[in-house]
Amino acid sequence: MKDILDAILAGDTPAEEFGRLEVPEHYRGITVHADEAGMFEGLPSREKDPRKSLHLDDVPTPELGPGEALIAVMASAINYNTVWTSIFEPVSTFSFLKRYGKLSPLTARHDLPYHVVGSDLAGVVLRTGPGVNAWKPGDEVVAHCLSVELESPDGHNDTMLDSEQRIWGFETNFGGLAELALVKSNQLMPKAAHLTWEEAASPGLVNSTAYRQLVSSNGANMKQGDVVLVWGASGGLGSYATQFALNGGAIPVCVVSSPEKAEICRAMGAELIIDRSAEGYKFWADEHTQDQKEWKRLGARIRELTGGDDPDIVFEHPGRETFGASVFVARKGGKIVTCASTSGFMHEYDNRYLWMNLKSIIGSHFANYREAWEANRLIAKGMIHPTLSRAYSLEETAQAAYDVHQNLHQGKVGVLTLAPSEGLGVKNQELREKHLTQINRFRNR
């Protein structure tokens, strides 16, 4: 592994040299263990501690198959799916691995008593399997997290509809929170040359998710002038939705939970901000009953900020806590586009406000390759910026996941895997200097 890292850090190692480097038989990765899947039974979600379930293990390097690539991972990032994996909610991910393992002799590699997690990476291609022509050893890449078989006709209009569509590092093994990772070659995209390894690793999942959810015709199909209500607008997902809204000529109404998060939204260029904590919104009167007066109060506040307009689009991801309010405040004919449900998967809303006002609920899940590529292209051009607030070491990954679980973070939380320190990997210093303020606006918050 040291020879691999030295070749990457040299910065001028010829591509053919990477193809000649010896691939180690083992590598370090962050795992959960199948025999611990019941360790949190009976505990409320909030009390389940990723620091108890996430392990740094030495694991065997997987066999490389057709259409695949082995990546030396310089940096990765924490997403909510890693948190869910670590607390075994809503189900243990070992059920995903077992089901995937039954598909073919090749996928059987994934059905193991441990799961190497992580759905983001930035790194360097070490090996490619048979049938890979677009990428070669030495290429600097990031990876999106859509793993798809494409043997069914269902996915050929939109790969997210494929019957064997999975999220890499969550529903498959050998994820990105590790020194090596196994991906399909059609997950790969060029690394932005003006970003460090940890910055480049951080947008992947959330940037692509926000792009499909808000910009794509598969999502809300946002247009100029649309009023977009963004829940958690300074968070890992909402921070990209806010940027896409501003970049696309829409009008974001940013909902945050503290003055510090409101300031981050202003730094991104947003002007219409609701601090839900300061204004005391409580959408649930008790565990079973929503308070419609609070929906109406929120709607009135949005119209006050927008000069009388209701949201054309509601960018939904908190789920249970906010969904009733989201359906209510959307304009007549408006769209509620939803993913994630970080506050709970069982949503409740008053259907009268949906059907009588011709509103639409659109389910959105990650992104297809084209959408991910377009979202990454905007990062590479410096039009959308990473929202990295902090980078942890690989040894600190469990603490990083705990911080995300407890909402102690801003933006995205990164993890240095092979990279020995922050700040490495920049190839285009001129473009970086041009956007340095935007790149760093989430840092150390």
Side-chain angles (χ1 to χ4, degrees), residues 30-55 77-96 115 117-119 167 169-170 177 205-206 209 230-239 255-261 264 275-291 294 316-326 338-349 389-390 392 396-415 445:
I30 299 298
T31 68
V32 290
H33 297 170
D35 61 5
E36 294 179 346
M39 69 187 300
F40 297 129
E41 285 182 6
L43 288 177
S45 293
R46 204 71 171 170
E47 295 179 19
K48 298 177 181 180
D49 191 341
R51 295 172 298 185
K52 296 179 179 179
S53 58
L54 290 175
H55 307 274
I78 302 295
N79 294 289
Y80 270 98
N81 67 9
T82 295
V83 174
W84 294 329
T85 302
S86 72
I87 63 175
F88 306 102
E89 286 191 5
V91 296
S92 164
T93 53
F94 289 98
S95 63
F96 303 148
H115 184 184
V117 299
S119 298
I167 298 300
F170 177 59
L177 285 164
L205 185 149
V206 286
T209 299
V230 182
W231 292 102
S234 70
L237 190 60
S239 58
V255 185
V256 295
S257 58
S258 71
E260 293 77 18
K261 293 181 178 182
I264 290 175
D275 183 340
R276 58 180 297 193
S277 296
E279 298 183 29
Y281 292 102
K282 295 186 182 299
F283 300 121
W284 289 80
D286 56 49
E287 186 179 348
H288 305 290
T289 311
Q290 296 194 63
D291 187 346
E294 290 292 270
E316 244 293 342
H317 55 99
R320 177 177 172 78
E321 184 180 351
T322 59
F323 201 80
S326 293
T338 178
C339 76
S341 296
T342 51
S343 71
F345 304 101
M346 300 302 290
H347 298 184
E348 296 180 25
Y349 62 92
S389 58
R390 181 178 174 186
Y392 293 72
E396 297 171 318
T397 302
Q399 181 64 49
Y402 175 83
D403 289 352
V404 173
H405 183 37
Q406 298 298 323
N407 199 28
L408 302 176
H409 69 302
Q410 306 280 11
K412 277 299 289 285
V413 170
V415 174
R445 289 183 181 263

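We find the CD-NE2 distance between Gln399 and His405 to be 12.5 Å, quoted to the nearest 0.5 Å. Here the OG1 atom belonging to Thr397 is positioned 5.5 Å from the CG atom belonging to Leu177, to the nearest 0.5 angstrom. Going from atom CD of Glu396 over to atom CZ of Arg390 covers 6.5 Å, rounded to the nearest 0.5 Å. We find the CD1-CG distance between Ile87 and Leu43 to be 10.5 Å, quoted to the nearest 0.5 Å. Rounded to the nearest 0.5 angstrom, His115 NE2 and Thr93 OG1 are separated by 5.0 Å. Taken from CG in Leu205 to CZ in Phe170, the straight-line distance is 10.5 Å, to the nearest 0.5 Å.
In terms of modelled atom types and a separation under 3.5 Å, the side chain of Ser389 and the main chain of Gly411 share no donor-acceptor contact. Under the 3.5 Å distance criterion, the side-chain polar atoms of His409 are left unmatched by any main-chain donor or acceptor of Ala400. With Gln290 contributing its side chain and Glu348 its backbone, the two residues share a donor-acceptor pair below 3.5 Å. Side-chain N or O atoms of Ser341 include none that pairs as donor or acceptor with a backbone N or O of Gly319 at under 3.5 Å. Using a distance-only test at 3.5 Å, with no hydrogens or angles considered, a donor-acceptor pair links the side chain of Ser258 to the main chain of Lys261.
Between Val83 and Ala401, the shortest heavy-atom distance links the atoms CG2-O, 3.7 Å. Closest heavy-atom contact between Ser257 and Ser277: O-OG, 3.0 Å. Looking at every heavy atom in both residues, Ser53 comes nearest to Ser86 through OG-O, 2.5 Å. When all heavy atoms of Ser92 and Ser95 are compared, the closest pair comes out as O-OG, 2.8 Å. The minimum heavy-atom distance between Ser234 and Gln410, with the atom names listed, is OG-OE1, 3.6 Å. Between Ile167 and Ser119, the closest heavy-atom pair is CG2-OG, 3.9 Å.
The aromatic rings of His55 and His33 sit parallel, their planes meeting at an angle under 30°, below the 60° perpendicular limit. Taking the six-membered ring where the residue is Trp, Tyr281 and Phe283 present parallel rings, their angle staying beneath 30° rather than reaching 60°. Note: His347 and Phe323 have tilted aromatic rings, judged against thresholds of 30 and 60 degrees for the angle between ring planes.
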CA sep, side-chain torsions, deciding dist, call: Asp403, Ile78, side-chain contact (heavy atoms from CB on, under 4.5 Å): CA-CA 10 Å; Asp403 289 352; Ile78 302 295; over 6 Å; no
Just do the side-chain contact (heavy atoms from CB on, under 4.5 Å) check on Thr338 and Ser326 with the steps written out, would you? CA-CA 10 Å; Thr338 178; Ser326 293; over 6 Å; no
Decide side-chain contact (heavy atoms from CB on, under 4.5 Å) for Arg320 and Trp284; before the verdict, give the C-alpha distance in whole Å, the side-chain angles of both, and the deciding distance to 0.1 Å. CA-CA 10 Å; Arg320 177 177 172 78; Trp284 289 80; 3.3 Å; yes
Verdict with reasoning, Lys48 to Phe88, per side-chain contact (heavy atoms from CB on, under 4.5 Å): CA-CA 9 Å; Lys48 298 177 181 180; Phe88 306 102; over 6 Å; no
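Using a 4.5 Å cut-off on side-chain heavy atoms (C-beta onward), His317 and Val206 make no contact. Proximity of Phe40 to Glu89: side-chain heavy atoms (C-beta onward) are nowhere separated by under 4.5 Å. Between Ser239 and Ile264 the shortest side-chain heavy-atom distance does not fall below 4.5 Å. Residues Val32 and Leu54 have side chains in contact (heavy-atom distance under 4.5 Å, counting atoms from C-beta outward).
Asp49 is linked by a salt bridge (Lys or Arg N to Asp or Glu O under 4.0 Å) to Arg51, counting only residues two or more places apart in sequence or in another chain.
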